[in-house]
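Shown next, in structure tokens, is the structure this report addresses.
Just so you know, residue 1 is the first one in the sequence shown, and it goes up from there.
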Amino acid sequence: MRYCFALVAAGALFLSPMLAETIAGEQAQQPPSVQVGVPEGRQGGARQGGQGQGGQQGQGGAQGRQGGGRGGRAAGPPPPPAPRNAAGRVIFGSGDPKQAILWTGQLGIRDTPLPRDQVPFQPWAKALFEEREKHELEPHARCKASAMTRQFLTPYGTEFVELPELQRIFIFDVGGPHTFRTIYMDGRSHPKDLQPSYYGHSIGWWEGDTLVVDSTGFNESFWWDRRGLPSTEQLHFVERFTRTDSQNMRYEFTVDDPGAYTKPFSGTMNIRASLGTELFEYVCQQANYAHELMVGQAESVSRSTPTVP
């Protein structure tokens, strides 16, 4: 037995330089990523994966690392232009029916879409936000749908599916509750009596190559960013999606919620493409609450008692 351990140890010492060289080479081949709207000092190394739900954690970490910046590398050649449809308008797919594409936001797990000192909180909303930063009991970690900017910060990415014959665009989540959001493109208005929901009601239209989405009718049971910025049923959210090239999309948003903030405010971030990846089965089941994402100020959580969401 001791002889076997000695062989393993010797092999590890021999292989470690080779592994390090191989890993460094793979990292050098990864395309650089751009993080827009990230507070100074937070660029690079963004954690997008590791949600720990549905047994897909390993894939989450790998997929998430694609979204993190790798500062200090020389920039490669610029990405090709964005693909266009027969009418000449930019599309959010790959342009090849046989090649899937997913989109992931470029913010770290502890970042907000804009610096905290730029958020015009009402006092109660600021107090709630600070409390959420402590306990980190995010609804997404309990299989709840993630709306607005939080949808694009979901591990594994999202997929845009445009169905011109239905005049609708669907945005599918891969991780979390594995749900989808509908954007109506047929010129309708918001219904007068909306039943509040996680995704709200979204209508959209094209302004050149920019998809504009206007949403309202939200409930108060989700976080619209990754750190818990509050919202009320008065939330009105406007998004602008502009694909700047084959690998990047500029995402701009404006928040108007007089129930939580003293005035409207805006932010932006980059959403990056992952070519050749597609939706896969993801299980977010009852009582699978991703404990490691709900530790908050504590160093660990007890596994001996039932988890209370």
Side-chain angles (χ1 to χ4, degrees), residues 85 87 89-93 103 105 113 119-120 122 124-125 128 138-140 142-154 158-226 228-243 249 251-269 271 279 284:
N85 60 16
R89 177 177 53 74
V90 162
I91 59 175
F92 293 162
W103 295 91
V119 179
Q122 292 188 19
W124 77 266
L128 177 58
E138 183 182 4
H140 176 84
R142 292 170 286 155
C143 306
K144 306 300 182 184
S146 303
M148 308 297 94
T149 61
R150 182 62 178 88
Q151 183 177 26
F152 305 105
L153 298 173
T154 301
T158 55
E159 181 176 10
F160 288 76
V161 177
E162 182 176 2
L163 299 179
E165 65 275 17
L166 296 181
Q167 299 186 70
R168 297 179 188 180
I169 294 177
F170 298 93
I171 306 178
F172 289 88
D173 298 335
V174 180
H178 208 95
T179 52
F180 64 90
R181 174 180 164 198
T182 304
I183 302 172
Y184 297 97
M185 304 290 292
D186 54 7
R188 72 179 67 186
S189 301
H190 295 299
K192 293 183 179 180
D193 299 319
L194 279 171
Q195 180 68 32
S197 62
Y198 285 93
Y199 286 128
H201 185 270
S202 296
I203 56 176
W205 59 91
W206 290 96
E207 294 182 358
D209 287 338
T210 297
L211 173 63
V212 182
V213 181
D214 184 294
S215 303
T216 189
F218 299 99
N219 63 32
E220 300 179 7
S221 301
F222 69 97
W223 294 5
W224 63 265
D225 82 327
R226 196 149 193 173
L229 290 173
S231 61
T232 71
E233 292 186 3
Q234 301 179 58
L235 174 63
H236 178 204
F237 210 95
V238 178
E239 301 159 287
R240 299 178 65 88
F241 301 87
T242 307
R243 189 172 184 179
M249 185 186 302
Y251 175 73
E252 304 167 279
F253 64 90
T254 299
V255 179
D256 185 4
D257 186 351
Y261 305 99
T262 59
K263 61 181 180 180
F265 60 97
S266 300
T268 184
M269 68 177 179
I271 301 178
L279 296 167
C284 186

Inset, instruction - Side-chain contact test, heavy atoms from C-beta onward, threshold under 4.5 Å: evaluate it for Arg188 versus Gln167 and give yes or no. - result: no

Legend entry - Non-hydrogen side-chain atoms of Val212 and Trp206 separated by less than 4.5 Å: no

Legend entry - Side-chain (Trp224) to main-chain (Pro230) donor-acceptor, under 3.5 angstrom: yes

Legend entry - Residues that Glu207 engages under salt bridge (charged side-chain N to carboxylate O under 4.0 Å, His left out), provided they are two or more places apart: Arg240

Inset, instruction - Take the angle between the ring planes of Phe237 and Phe253 and call it parallel below 30°, perpendicular above 60°, tilted in between. - result: parallel

Inset, instruction - With the side chain counted from C-beta on, respond yes when Glu239 and Ile183 share a heavy-atom pair under 4.5 Å apart, and no when they do not. - result: no

Inset, instruction - Output the distance between atom CG (Leu211) and atom CD1 (Ile169), rounded to the nearest 0.5 Å. - result: 4.5 Å

Legend entry - Gap separating the OG1 atom of Thr179 from the CG atom of Asp173, nearest 0.5 angstrom: 4.5 Å

Legend entry - Aromatic plane relationship, Phe160 with Phe152 - under 30° parallel, 30 to 60° tilted, over 60° perpendicular: parallel

Legend entry - Nearest heavy-atom neighbours spanning Ser202 and Val213: CB-CG1, 3.8 Å

Inset, instruction - Give the C-alpha distance, both sets of side-chain angles, the deciding distance and a yes or no for side-chain hydrogen bond (donor to acceptor under 3.5 Å, both in side chains) between Asp257 and Thr232. - result: CA-CA 7 Å; Asp257 186 351; Thr232 71; 2.7 Å; yes

Inset, instruction - Output the distance between atom CE (Met269) and atom CE (Met249), rounded to the nearest 0.5 Å. - result: 10.5 Å

Legend entry - Contact check, side chains of Tyr199 and Ile171, non-hydrogen atoms, under 4.5 Å: no

Inset, instruction - Measure from the side-chain N and O atoms of Arg243 to the backbone N and O of Val90, and report whether any donor-acceptor pair falls under 3.5 Å. - result: no

Legend entry - Trace of the side chain to side chain contact (heavy atoms under 4.5 Å, CB included) decision for Thr254 with His236: CA-CA 8 Å; Thr254 299; His236 178 204; over 6 Å; no

Legend entry - Spacing of OH belonging to Tyr251 relative to CG belonging to Leu153, to within rounding of 0.5 Å: 8.5 Å

Inset, instruction - Measure the spacing between CD of Gln122 and OG1 of Thr262 and express it to the nearest 0.5 Å. - result: 7.0 Å

Legend entry - Within-4.5 Å side-chain heavy-atom neighbours: His201 and Tyr184: yes

Inset, instruction - Indicate the ring-plane relationship of Phe180 and Phe172, choosing parallel, tilted or perpendicular according to the 30° and 60° boundaries. - result: tilted

Inset, instruction - Give the minimum heavy-atom separation between Ser215 and Arg181, together with the two atoms involved. - result: OG-NH2, 3.6 Å

Legend entry - Residues forming a salt bridge (charged side-chain N to carboxylate O under 4.0 Å, His left out) with Glu162, sequence neighbours excluded: Arg89

Legend entry - Met185 and Leu166, any side-chain heavy atoms less than 4.5 Å apart: no

Inset, instruction - Check whether any side-chain heavy atom of Pro191 lies under 4.5 Å from a side-chain heavy atom of Asp193, and answer yes or no. - result: no

Inset, instruction - Can you sort out the partners of Arg168 under salt bridge (charged side-chain N to carboxylate O under 4.0 Å, His left out), two or more places apart, ordered by chain and number? - result: none

Inset, instruction - Please report the closest heavy-atom contact between Glu252 and Thr268, naming both atoms and the distance. - result: CG-OG1, 3.8 Å

Inset, instruction - Would you mind reporting whether Met148 and Ser231 have side-chain heavy atoms less than 4.5 Å apart? - result: no

Legend entry - Value rounded to 0.5 Å, distance of CZ in Arg226 from CD in Glu138: 6.5 Å

Inset, instruction - Compare every heavy atom of Gln234 with every heavy atom of Pro258, then report the nearest pair and how far apart it is. - result: CG-OE1, 3.2 Å

Legend entry - Whether Phe218 and Phe222 hold their rings parallel, tilted or perpendicular, with breakpoints at 30° and 60°: tilted

